[in-house]
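Some notes on the structure that comes next.
These values consider heavy atoms only, across backbone and side chains, with no hydrogens, waters or symmetry-generated copies.
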Amino acid sequence: MPELSWQKSSFSGGDDGNNCLELATGIDGLRHVRESDDPSLVITTTTAKLYAFLLGAKAGEFDHLA
């Protein structure tokens with residue numbers, strides 16, 4: 001996988017900033033998601049699928065899992 005430019009939320013919290021998910025866009029247009037405390041594990045998905053997930057998260061569909 002080519003080098004990606006990862007972005008994490010300003011809400012990641014913690015002293016070390018390793019309490020969050022990071023997102024990146026590949027040159028192929030796919031979206032990549034990883035945990036900041038285990039950057040070797042990367043999930044790759046499409047923009048449409050990530051967008052649908054984010055809409056659900058914003059709507060509270062996953063609140064019962066937190």
Excluding sequence neighbours, so at least two apart, what forms side chain to side chain donor-acceptor pair (under 3.5 Å) with Asp63?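 By the side chain to side chain donor-acceptor pair (under 3.5 Å) rule, Asp63 matches no residue at all.
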Taking all atoms of both residues into account, what is the closest heavy-atom pair of [X] and [Y], and its distance?
X: Ala24; Y: Ser5; value: CB-O, 3.5 Å
X: Asp37; Y: Pro39; value: C-CD, 3.7 Å
X: Trp6; Y: Val42; value: CH2-CG1, 4.0 Å

Who pairs with Phe53 by ring pair (Phe, Tyr, Trp, His ring centres under 6.0 Å), at least two apart in sequence or on another chain?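 Here the qualifying residues are Phe62.
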When rounded to the nearest 0.5 angstrom, what distance separates CD in Glu22 from OG in Ser36?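 Taking CD in Glu22 and OG in Ser36, the distance rounds to 5.0 Å.
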Nearest 0.5 Å, please: how far is CZ in Arg34 from CG in Leu21?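 Between atom CG of Leu21 and atom CZ of Arg34 there are 11.0 Å.
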Establish whether Tyr51 and Leu23 are linked, either directly or via other cluster members, by ILVMFWY side-chain heavy-atom contacts under 4.5 Å.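 Per the 4.5 Å side-chain linkage, Tyr51 and Leu23 are not co-clustered.
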Give the cluster check for Leu65 versus Leu54: same hydrophobic cluster or not, with ILVMFWY residues linked at side-chain heavy-atom distances below 4.5 Å.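 Cluster IDs for Leu65 and Leu54 match.
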Between Arg31 and Thr25, is there a side-chain donor-acceptor contact under 3.5 Å, judged purely by atom types and distance?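 There is such a pair between these side chains.
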Is the backbone N or O of His32 less than 3.5 Å from a side-chain atom of Thr44, with the two atoms forming a donor-acceptor pair by type?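 Pair absent, no side-chain N/O of Thr44 close to backbone of His32.
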Worked verdict on Asp38 versus Leu41 for side chain to side chain contact (heavy atoms under 4.5 Å, CB included): CA-CA 6 Å; Asp38 185 8; Leu41 178 62; 4.0 Å; yes
Under the side chain to side chain contact (heavy atoms under 4.5 Å, CB included) criterion, do Leu30 and Thr45 qualify, and how do the steps go? CA-CA 6 Å; Leu30 292 175; Thr45 190; over 6 Å; no
